[in-house]
Amino acid sequence: MKRTFIKDLKEKLDQTVTVQGWLQTLRDQKSMQFLIIRDHTGLVQAAHWKKGNPELAELISTIGTESSLTLTGKVVANEVVKLGGLELQLESVKIENNAPMPLPFEPNSDNLPEQDFRLDWRYLDLRRERNRKIFEIQTTAEQAMREWWLANGYIEMHSPKIVGAPSEGGAELFTLPYFETTAYLAQSPQFYKQMAMAAGFEKVFEIGPVFRADPSFTSRHMTEFTGVDMEISWINSHEDVMVAMEHWLAHVYQKVHDKHADEIKDLFDVDFTVPALPFPRLTMAEAYQILKTQGYKLPPERKGDLDPGAERALGAYVKQTCGSDFVFVKDWPVAVRAFYHMRHADNPGLTMSFDLLGKGLEITTGAQREHRVEVLTAQALDKGLSLEPLKDYFDFFRYGCPPHGGLGLGLSRLLMIMLDLPNIREAVYLFRGPNRLTP
RNA sequence: GGGGGCGUGGUGUAGUGGUUAAACAUGCGGCCCUGUCAAGGCCGAGACCGCGGGUUCAAAUCCCGUCGCUCCCGCCA
């Protein structure tokens, strides 16, 4: 018999149906048994009168919570049933996979184990509706990203993750043996999307894994995460990148809002709103002024940079004064940016770069890139980098690479701020950190 | 890499020097209950209080070390 989803049972009154799902609760009484069954569309009660089928009653008594079951029965309306006013009168139960008691933990109980333990049993943790919803929303968000890119002439790219040389720094690279030599795991598709600009692709995007060998122990860092990157050509400044980004992100928020706003309110208690355009923009100079008036004191060694506390303070300030969850902070000093960020022609101490803060969290870095190979080489030297490992990269800019810029965004960080998740480990399917390689 | 916090039955917590070496909730096992529904009632099993050392007449409780987890900073998305 064809499977019926639990949410559709109300249209099947007085019919015999098959339901498949997990046993959430068993109330095994003297003469009656009640099974609360869960599939991803909802919950339903299945009732069984023991004397009607003692054999089935005995079987039901052996089923552990969270076992996967296939049940058949007649759907009947019953006002007494608090769960939707209907129930399934059980005719048969097939235990697809029994879950022996006790479970490591019950995903739908009131007192959940601490997160690290739940990550050990991630598949049980993911059985909670709230956790499943995070990934439904992520799916909607990624689809919306692609909709916008495709509507705007972007090409999808997949750059290699095994690379022969560091693309930016060096310390945060994972190394791996590679036949007779050593390779690295890419910590960004940065150089390859720039190569696509040199190739004349004009607009590209990539959603893919990036690896960072930083031993970071925070609620917002991972050693492997999904990077969302885009890069566009023929821009006049980083402002063009910011304009593209805010339209793109607003589209993503609109689609997530259309499909999930009510669920997000119910499950995450977040009033999900589509951000207004344009996002507020602050130069770093302005940001410093604001921090001063807000009484936020940056450590002196952070001159020209923002620390996470400053980012939170700016996020709060912008929320309060503009009502915006987002703010671009732009025109960062050369000292704190990558060598390939283009510098202002009229102010060589500043880069044509930006960060996007969402609810005070850094979710994006972007910039116009330096596409003139002589200038780029000079800037690398200026940063004290050795040119040899960058030789192939410099070659991208020798024969007609157009002016271009782009950005990188952390997918899980976006989910964090969309849903007010306190920890990135909740926003990612399987977390990878310095001490977490399993499951 | 630097700093803070935590580590007690399966799980979540209480207990922070001493009445019977550990309490509560939940889960688990058993019994009871004409249909429960955050089910309820009774009974039961389950922790040498992360590990090692020390202080003390006495340590889950104080000290040191160690391991694990966690958060903050650094780094970044």
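Letters go in sequence order (proteins before strands), and every chain restarts at 1. Computation of the quantities below employed the complete heavy-atom set of this structure, encompassing side-chain atoms and omitting hydrogens, waters and symmetry-equivalent molecules.
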> Can you name the residues that form a side chain to side chain donor-acceptor pair (under 3.5 Å) with A:Ser67, not counting sequence neighbours?
Replying inline: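 Expected list: A:Asn98.
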> Whole Å only: how far is the CZ atom of A:Arg220 from the P atom of B:A77?
Replying inline: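 Atom-to-atom, A:Arg220 to B:A77, this comes out as 12 Å.
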> For A:Leu88 and B:C37, what is the distance between atoms CG and P respectively, to the nearest whole Å?
Replying inline: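 Those two atoms, CG and P, are 20 Å apart.
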> Which residues pass the salt bridge (charged side-chain N to carboxylate O under 4.0 Å, His left out) test with A:Arg413, sequence neighbours left out?
Replying inline: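 Testing A:Arg413 for salt bridge (charged side-chain N to carboxylate O under 4.0 Å, His left out), a comparison that skips the adjacent residues, returns none.
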> Excluding sequence neighbours, so at least two apart, what forms salt bridge (charged side-chain N to carboxylate O under 4.0 Å, His left out) with A:Glu66?
Replying inline: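 Salt bridge (charged side-chain N to carboxylate O under 4.0 Å, His left out) list for A:Glu66, sorted by chain: A:Arg38, A:Arg127.
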> Name the stems with RNA chain B in them: runs of three or more consecutive Watson-Crick or G-U pairs, distances under 3.5 Å?
Replying inline: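 Paired runs of 3+ in RNA chain B: B:1-7 with B:67-73, B:10-13 with B:23-26, B:28-32 with B:40-44, B:50-54 with B:62-66.
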Once ring pair (Phe, Tyr, Trp, His ring centres under 6.0 Å) is applied, do any residues pair with [X], and if so which ones, sequence neighbours excluded?
{"X": "A:His238", "answer": "A:His344"}
{"X": "A:Phe205", "answer": "A:Trp149"}
{"X": "A:Tyr253", "answer": "A:Phe272, A:Phe326"}

>> Any residue in residues 68-80 of chain A with a heavy atom nearer than 4.0 angstrom to RNA chain B? Just list them by number, or reply none.
In response: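 Those residues whose heavy atoms fall under 4.0 Å from RNA chain B, taken from residues 68-80 of chain A in numerical order, are A:Asn78, A:Val80.
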Nucleotides 10-14 of chain B: which of its N/O atoms have a protein N/O under 3.5 Å away?
from	atom 1	to	atom 2	distance (Å)
B:G10	O2'	A:Pro104	O	3.4
B:U11	O2	A:Asn111	ND2	3.4
B:G12	OP1	A:Glu114	N	3.1

> With nearest nucleotides of RNA chain B determined for A:Glu106 and A:Phe34 from heavy-atom distances, which residue corresponds to the more 5′ nucleotide?
Replying inline: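 It is A:Glu106 whose nearest nucleotide is closer to the 5' end.
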Just the table, please: protein N/O against nucleotides 7-9 of chain B N/O, every pair under 3.5 Å.
none

Which nucleotide in the set [options] lies at the smallest distance from any side-chain heavy atom of [X]?
{"X": "A:Glu87", "options": "B:C28, B:A77, B:U36", "answer": "B:U36"}
{"X": "A:Gln29", "options": "B:C76, B:G35, B:G27", "answer": "B:G35"}
{"X": "A:Lys30", "options": "B:C76, B:C33, B:U34", "answer": "B:C33"}

>> Less than 3.5 Å apart, any donor N or O on the side chain of A:Lys161 or A:Ser159 sitting next to an acceptor on the other?
In response: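 A pair is found: one side chain offers a donor N or O, the other an acceptor, under 3.5 Å apart.
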>> If we count only N and O atoms by modelled type, under 3.5 Å, do the side chains of A:Ser353 and A:Arg337 hold a donor and an acceptor together?
In response: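 Yes, because at least one side-chain N or O of A:Ser353 sits under 3.5 Å from a partner of the opposite role on A:Arg337.
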> Which pairs, with at least one residue in residues 8-25 of chain A and sequence neighbours excluded, count as a salt bridge (charged side-chain N to carboxylate O under 4.0 Å, His left out)?
Replying inline: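 Passing the test, one end in residues 8-25 of chain A: no pairs.
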> Of the non-hydrogen atoms in A:Pro113 and A:Arg118, which two are nearest, and what is the gap between them?
Replying inline: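 Here A:Pro113 and A:Arg118 meet closest at O-NH1, 2.9 Å.
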>> Once ring-ring contact (aromatic ring centres under 6.0 Å, His included) is applied, what residue pairs with a partner in residues 39-65 of chain A remain, sequence neighbours excluded?
In response: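 Counting only pairs at least two positions apart or across chains, the ring-ring contact (aromatic ring centres under 6.0 Å, His included) contacts touching residues 39-65 of chain A are A:Phe5-A:His40.
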